[in-house]
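These notes are about the structure you will find just below.
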Amino acid sequence: MSSKQITVALVGNPNTGKSTLFNALTGLRQKVGNYPGVTVARKSGRCDCGDGLKVELVDLPGLYSLAAASPDEQVVTDVLLGSLEGSQQPDAIVVVLDVTNLLRNLFLASQLAELNLPLALVLNQADIAHEQGLKIDTQLLSQRLGGVPVVLTSAWKGEGIASVRRAIAEVLNKKTKMTQLTWPSQVESALGAIVQAIQTDTGQAPSSADAQRILFSSNAHTSDRLGWSQPQRESIVRQARDQVRAAGYNPMAAEPLIHYAHLRKVLEGVIAGGTGKQGNAAALDRVLLHRVIGPILFIGIMLGLFASVFWLAKFPMQWIQSGVDFLKAMIAPALVNTPMLQSLVTDGIIAGVGAFLVFLPQILILFLFIGILEDSGYMARAAFIMDRLFSWCGLNGKSFVPLLSGFACAIPGLLSTRTIEDPKARLATAFAVPFMSCSARFPVYALMCAAFIGPLYGPGWESVVMVGMHCVGLLFAVPTAFVLTRFVLKVKPQPFVLELPRYQMPKPSDVLWRMWQNAAEFVSKAGTVIFAMTIVIWALCYFPRDAQMSDRIKAAEPTLSEHEIQSRTQAAMIEQSWMGRFGKAVQPVFDPCGFDWKITVGVLASFPAREVIVSTLGVTYSIGKGAEADSQHLRSAMQEAKWMDGPRKSTPIFSLAAVLALMVFFALCSQCGPTIATLAQETGGWKWAAISFFYMTILAWVMAVVVYQVVIRLI
Amino acid sequence: MTPLSQLLPGQFGKLVSLNPDQAVDQRLMALGLLPGMALKLVRRAPLGDPVAIEFGGQVVSLRLAEAESLIVDVAADCPVQRPKNTP
């Protein structure tokens with residue numbers, strides 16, 4: 001970004017159609033990233049404002065106030081003040097307002113006016129105002145606010161976009177600023193006292209907007225940012241607040257009280273007509289939030305969502321899998337003379353690309369649903385219905401969709417936690433999602449149940465164990481979230497105040513665009529990490545290589561068939577690979593869970609992806625590579641496996657205790673590279689990803705030991 | 001003078017006081033819920049909590065536990081300010 005680049009910030013309340021307007025103004029020329037150090041998305045795009053004027057338009061998170069109480073609000077305030085590292089102060093602000101609720105929307109605009117930047121107002125959703133019979137005198141409003149451009153638009157219908165471009169050009173040209181309100185004299189002098197004190201302390205006079213944040217906001221974000229750290233700081237602020245109190249205002253309420261009183265006067269005579277009809281929300285809410293019908297419809301919608309992510313996504317996932325297999329089969333013969341390269345290309349590179357591509361169908365489908373649910377206004381209702389179930393353990397109603405998606409796959413579940421505004425609840429939800437029993441755990445349970453529980457105890461117990469295993473994760477996730485939000489995370493929780501907006505038809509282009517952006521971000525961030533992990537694991541299982549292995553096996557037992565030699569070679573190769581050696585070395589750690597070295601290698605090899613255990617067991621039990629969960633050979637090989645030495649010599653390895661311990665281990669362990677990579681992407685760093693990894697893995701080990709040791713003594 | 005939590009669904013009230021030191025109340029004030037404002041408890045969530053309240057032409061969900069400090073004056077027929085945006 002060159003320093004001459006003109007930037008314009010797009011600011012507004014949530015549910016004003018701001019993103020739709022942003023998409024309309026920038027088309028597909030957008031960049032998505034993160035603000036440094038925080039998990040707040042940074043969206044920007046090029047906007048052509050006519051006459052060769054091109055500006056960088058920055059879409060800031062939707063917010064109701066500049067109070068700097070939430071991370072979103074802090075980022076917006078910092079960006080607009082030009083104090084955020086790596087971003088320059090915008091040259092102008094475009095405020096997007098919902099014209100059907102102008103008074104509330106103007107509160108933010110009025111706070112923004114205090115920043116003393118050129119500013120234009122876009123009164124959006126004019127089509128709905130028209131339906132409601134509202135008439136807005138934009139000229140009068142503009143006149144009352146100091147001549148700032150005021151334009152009426154309907155971004156959904158694509159109406160008025162050109163006038164927004166013109167307004168941006170005008171505001172950049174004329175530098176029109178919105179009239180600031182006149183503070184009562186005691187408030188004015190309180191602000192003056194703060195400005196004075198900071199100037200004396202830091203040598204730099206802060207803006208009036210900074211002084212307002214210090215006077216009116218309950219946190220020290222602004223003071224800290226300005227470097228105002230003198231010991232008397234608190235007493236100076238207290239004195240200033242006493243002055244405000246003397247004027248008859250509670251200092252924490254003064255800002256909205258004064259702004260709203262000012263704005264009521266500004267709006268006098270600006271709005272005419274209006275049937276006072278609430279629109280569609282009241283009528284639809286009577287059904288969708290009905291005590292009985294509401295939850296039933298909710299469950300229906302969520303089942304539809306889950307079925308789509310779980311089942312519908314399977315088809316494209318299979319296509320991707322067959323594409324990967326096809327590609328492997330195509331390329332493998334060409335590299336048959338260089339076995340190392342052949343294995344690197346097929347089992348490393350192609351498998352690595354497939355490893356993250358395979359998540360795309362689920363991500364795309366889930367974000368299609370989320371886009372529709374959010375833009376239609378139903379997501380807020382879903383949160384309203386579910387909040388009670390989650391509030392007691394520190395989560396909120398918006399945690400439901402991520403946790404539900406987690407039962408299909410943690411990756412889309414984690415990505416969908418970004419719909420949760422409260423950072424504390426978002427992090428706790430992201431921490432809980434990997435505990436949900438995802439579809440990759442299913443083959444493990446299926447193999448164990450079919451091979452051991454079913455034959456020994458009958459199909460009834462088989463299904464009981466299957467269902468039980470799906471609940472184990474939930475059983476631990478809830479207390480984990482509770483402890484995390486109550487005792488570990490020191491962030492102040494955000495109040496769960498949620499607007500239930502009017503219902504609206506989602507705009508297909510907006511939904512599809514968001515779906516695409518989320519997928520692209522996943523591929524570029526988590527995708528690269530997943531790819532790298534696959535290569536590393538491949539190398540650990542491949543090296544060191546003993547070229548004479550199959551010859552030696554053939555020499556030792558000349559009667560073996562070609563196929564058997566191949567299987568035995570693969571088993572011997574993995575045994576003496578780094579992974580195999582490591583598995584043998586750490587087997588004593590897993591001994592208390594009843595795992596022998598083969599299971600240990602299987603467990604270790606499935607850290608990048610848990611379903612790998614099945615094929616790894618296939619290899620170590622010399623069945624061959626392509627073993628599936630329903631392979632009869634693998635089942636009987638495992639049923640026959642016995643301890644070769646030690647105190648348990650010649651007893652079966654897969655006793656009931658060991659089988660249950662293994663399943664509990666898989667239910668709880670953080671065995672999924674993509675999950676770790678996505679967790680890092682969504683929490684803005686590796687810290688929480690690492691904590692989650694160690695917490696889940698240690699918990700899994702402890703619980704596996706408990707299960708093994710208890711069951712072996714009982715039975 | 002009744003806490004908001006004791007309003008029945010469909011009942012109107014006028015906000016008498018809130019606690020500006022609380023984060024929830026600050027958020028509500030930013031949305032325009034200031035003393036003297038008429039409001040209506042529209043409904044409770046199916047599980048009893050949170051509740052949806054309507055004021056100034058908008059519907060907002062809040063948890064009862066977080067809204068303890070909201071005190072209202074219950075009125076028999078106090079219409080909620082309609083979205084006219086006029087004082």
Side-chain angles (χ1 to χ4, degrees), chain A residues 64-65 67 69 100-104 106-108 132 134 217-218 250-257 260 264-265 267-271 273-278 281-282 285-286 289-292 294-295 298 380-381 383-389 391 397 492-501, chain B residues 4-5 8-10 15-70 79-87:
Chain A
Y64 295 108
S65 155
T100 65
N101 195 352
L102 207 46
L103 178 63
R104 187 199 80 195
L106 274 173
F107 173 64
L108 178 67
Q132 294 183 355
L134 286 172
S217 294
S218 45
N250 181 313
M252 291 295 114
E255 196 183 21
L257 280 170
Y260 270 101
R264 278 177 211 281
K265 277 197 217 110
L267 282 180
E268 257 169 49
V270 168
I271 303 163
T275 52
K277 262 203 327 200
Q278 256 297 343
D285 276 348
R286 259 195 288 282
L289 295 181
H290 185 273
R291 271 175 173 207
V292 183
F298 171 82
R381 271 77 181 184
F384 179 71
I385 293 174
M386 292 310 288
D387 187 60
R388 188 73 193 84
L389 280 183
S391 57
K492 235 172 70 181
Q494 294 293 304
F496 190 67
V497 174
L498 188 70
E499 189 186 355
L500 302 181
Chain B
L4 178 80
S5 55
L8 298 170
L15 185 70
V16 177
S17 67
L18 38 66
N19 180 0
D21 293 326
Q22 280 198 355
V24 185
D25 304 58
Q26 286 168 11
R27 181 65 54 92
L28 290 169
M29 286 191 294
L31 293 172
L33 187 63
L34 298 164
M37 189 87 178
L39 60 83
K40 175 189 177 186
L41 192 130
V42 185
R43 71 181 74 253
R44 286 165 185 273
L47 296 169
D49 190 35
V51 296
I53 59 167
E54 185 188 336
F55 60 91
Q58 59 196 330
V59 182
V60 170
S61 149
L62 63 159
R63 290 176 181 162
L64 287 175
E66 290 182 343
E68 270 174 338
S69 54
L70 298 183
V80 170
Q81 195 174 337
R82 287 304 178 184
K84 279 190 151 188
N85 295 301
T86 41

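Only a predicted model underlies this, so the values are computations on that prediction, with no experimental measurement involved.
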Top residue by heavy-atom pair count (under 4.5 Å) with chain B, among A/Gly397, A/Ala67, A/Pro251, A/Ala253? A/Ala253
Spacing of A/Ser217 atom OG and B/Gln26 atom CD [to the nearest 0.5 Å]: 7.5 Å
Using a cut-off of under 4.5 Å on heavy-atom pairs, state which of B/Leu47, B/Leu62, B/Asp21 scores highest against chain A. B/Leu47
Under 4.5 Å to a heavy atom of chain A? For B/Val51 that would be backbone
So, does B/Glu66 use its side chain to make a donor-acceptor pair with the main chain of A/Phe496 at under 3.5 Å? yes
Step by step, would you call B/Val59 with A/Glu499 a side chain to side chain contact (heavy atoms under 4.5 Å, CB included)? CA-CA 6 Å; B/Val59 182; A/Glu499 189 186 355; over 6 Å; no
Does any heavy atom of chain A fall under 4.5 Å from the side chain of B/Leu28, the backbone, both, or neither of them? side chain
Which bit of B/Arg27 is near chain A, if near means a heavy-atom gap under 4.5 Å: side chain, backbone, both or neither? side chain
Would you call B/Ser61 and A/Val497 a side-chain contact if the rule is heavy atoms closer than 4.5 Å? no
I need the B/Gln58 CD to A/Leu103 CG distance, nearest 0.5 Å. 9.0 Å
Does the side chain of B/Val60 come within less than 4.5 Å of A/Leu500's, by heavy atoms? no
Compare every heavy atom of B/Pro46 with every heavy atom of A/Arg291, then report the nearest pair and how far apart it is. O-CB, 3.9 Å
Taking atom CD of B/Gln22 and atom OG of A/Ser218, what is their separation to the nearest 0.5 Å? 11.0 Å
Closest non-hydrogen atoms of A/Tyr260 and B/Leu31, given as atom of the first, atom of the second and distance, are OH-C, 3.2 Å
List the residues meeting side chain to side chain contact (heavy atoms under 4.5 Å, CB included) with A/Arg286, not counting sequence neighbours, and say none if there are none. A/Ala283, B/Arg43
If you look at every heavy atom in B/Pro50 and A/Arg388, which pair is closest and at what distance? CD-N, 4.4 Å
